[in-house]
Amino acid sequence: KSMLFLGFLLVFLGLALPGIQGKIISRCEMVRILRRNGFEGFEGTTVADWMCLVQHESGYNTRAYNNNGPSRDYGIFQINSKYWCNDGRTAGAKDACHISCSKLLNDNIEDDIRCAKKIAREAHGLSPWYGWKDHCRGRNLSSYVRGC
């Protein structure tokens, strides 16, 4: 009996986890999305910069979430709740993108794109993202867009 229950539990978890994980956008699909949304040359950045940022911030996962202690990062661009979105939990949050953080955790990344561009516009680049500063800035990033 317990083995049967364990089997059902494993099947259930196997079906449930992909929904929790969110959509992993393929590399070339993400390149197309960024190009289509005017990221090439935006605030002096390239699509390759953004690709490197997304890979290091979220692994191309639309539902990526990271708890930073007093604040949290949400979605494919890992947008922070202290400054950019409202999660109802972050003390002194600014909500500069005027969006609920939970909306950054679905597979429709149009609102994520609008907020990420607002962040880059205000910063005149990608310096707010540690994933980009630590892994991408000043490096040859051509491999992120090659073949796409």
Side-chain angles (χ1 to χ4, degrees), residues 9-148:
L9 182 62
L10 289 174
V11 167
F12 173 77
L13 288 173
L15 294 173
L17 285 177
I20 294 167
Q21 289 175 332
K23 179 179 180 184
I24 307 296
I25 298 177
S26 75
R27 186 175 65 86
C28 283
E29 182 183 356
M30 192 70 202
V31 167
R32 285 190 294 276
I33 290 168
L34 294 170
R35 285 179 176 153
R36 192 170 55 240
N37 283 279
F39 281 84
E40 189 63 51
F42 183 76
E43 289 296 332
T45 67
T46 65
V47 166
D49 278 307
W50 286 95
M51 287 295 294
C52 183
L53 178 153
V54 168
Q55 198 234 315
H56 287 283
E57 291 286 345
S58 68
Y60 307 111
N61 186 345
T62 61
R63 295 189 190 172
Y65 170 87
N66 185 38
N67 192 340
N68 298 322
S71 68
R72 285 151 289 287
D73 296 331
Y74 294 86
I76 197 155
F77 295 105
Q78 289 293 275
I79 292 170
N80 188 268
S81 63
K82 182 161 178 61
Y83 305 103
W84 306 105
C85 64
N86 178 12
D87 65 0
R89 300 169 38 183
T90 304
K94 307 280 186 270
D95 189 18
C97 286
H98 309 294
I99 188 168
S100 167
C101 297
S102 63
K103 288 188 138 268
L104 302 172
L105 294 175
N106 59 30
D107 293 346
N108 179 347
I109 66 167
E110 289 177 23
D111 41 16
D112 307 57
I113 287 170
R114 278 192 298 277
C115 188
K117 285 182 111 175
K118 179 180 179 74
I119 295 166
R121 192 177 305 112
E122 290 191 13
H124 304 291
L126 304 181
S127 61
W129 284 278
Y130 285 96
W132 179 80
K133 285 196 297 192
D134 295 343
H135 302 281
C136 312
R137 179 170 51 187
R139 299 202 172 132
N140 179 349
L141 306 175
S142 60
S143 63
Y144 286 92
V145 297
R146 189 174 294 125
C148 299

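All heavy atoms count here, side chains included; hydrogens, waters and symmetry mates do not.
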S.K.: Measure the distance from the SG of C85 to the SG of C97 and say whether it is below 2.5 Å.
M.R.: no

S.K.: Give, for atom CG of L53 and atom CE of M51, the distance between the pair rounded to the nearest 0.5 Å.
M.R.: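 Here the rounded value is 10.5 Å.
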
S.K.: Under the rule for side-chain hydrogen bond (donor to acceptor under 3.5 Å, both in side chains), what residues qualify as partners of D95, not counting sequence neighbours?
M.R.: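 Listed in chain order: nothing, the list is empty.
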
S.K.: Out of curiosity, S102 OG to Y65 OH, how far, rounded to the nearest 0.5 Å?
M.R.: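 It comes to 12.0 Å.
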
S.K.: Of all the heavy-atom pairs spanning Y144 and V31, show the shortest one and how long it is.
M.R.: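 It is O-CG2, 3.7 Å.
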
S.K.: Give the table of side-chain donor-acceptor pairs shorter than 3.5 Å for residues 103-110, with sequence neighbours excluded, one pair per line with atom names and distance.
M.R.:
from: N106; atom 1: OD1; to: N108; atom 2: N; distance (Å): 3.2
from: N106; atom 1: ND2; to: K103; atom 2: O; distance (Å): 3.4
from: D107; atom 1: OD1; to: K23; atom 2: N; distance (Å): 3.3
from: D107; atom 1: OD1; to: T62; atom 2: OG1; distance (Å): 2.7
from: N108; atom 1: OD1; to: E110; atom 2: N; distance (Å): 3.0

S.K.: Out of curiosity, L141 CG to T46 OG1, how far, rounded to the nearest 0.5 Å?
M.R.: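 Spacing of CG (L141) from OG1 (T46) equals 6.0 Å.
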
S.K.: Give the table of side-chain donor-acceptor pairs shorter than 3.5 Å for residues 35-45, with sequence neighbours excluded, one pair per line with atom names and distance.
M.R.:
from: R35; atom 1: NH1; to: C148; atom 2: O; distance (Å): 3.0
from: N37; atom 1: ND2; to: I33; atom 2: O; distance (Å): 2.8
from: E40; atom 1: OE1; to: V47; atom 2: N; distance (Å): 3.1
from: E43; atom 1: OE1; to: H124; atom 2: ND1; distance (Å): 3.4
from: T45; atom 1: OG1; to: F42; atom 2: O; distance (Å): 2.6
from: T45; atom 1: OG1; to: W50; atom 2: NE1; distance (Å): 2.8

S.K.: For T90 versus P70, what's the shortest heavy-atom pair and its separation?
M.R.: CG2-O, 3.5 Å

S.K.: Tell me, please, which residues at least two apart from R146 pass side-chain hydrogen bond (donor to acceptor under 3.5 Å, both in side chains).
M.R.: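 Checked R146 against side-chain hydrogen bond (donor to acceptor under 3.5 Å, both in side chains); matches are S142.
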
S.K.: Indicate yes or no for a side-chain donor-acceptor contact from S58 to the backbone of Q78 under 3.5 Å, with no hydrogens or angles considered.
M.R.: no

S.K.: Roughly how far apart are C115 SG and R121 CZ, rounded to 0.5 Å?
M.R.: 10.5 Å

S.K.: Show your reasoning for whether side-chain contact (heavy atoms from CB on, under 4.5 Å) applies to I76 and M30.
M.R.: CA-CA 10 Å; I76 197 155; M30 192 70 202; 3.9 Å; yes

S.K.: Cut-off 3.5 Å, no hydrogens considered: what does the side-chain donor-acceptor table look like for residues 127-137, sequence neighbours left out?
M.R.:
from: W129; atom 1: NE1; to: F77; atom 2: O; distance (Å): 2.7
from: W132; atom 1: NE1; to: D49; atom 2: OD1; distance (Å): 3.0
from: K133; atom 1: NZ; to: S127; atom 2: O; distance (Å): 3.3

S.K.: Working to the nearest 0.5 angstrom, can you tell me the gap between I99 CD1 and N86 CG?
M.R.: 10.5 Å

S.K.: Look up atom CD in Q55 and atom OH in Y60, then write down how far apart they are to the nearest 0.5 Å.
M.R.: 4.5 Å

S.K.: Per the ring pair (Phe, Tyr, Trp, His ring centres under 6.0 Å) rule, what does the pair list look like for residues 82-121, sequence neighbours excluded?
M.R.: none

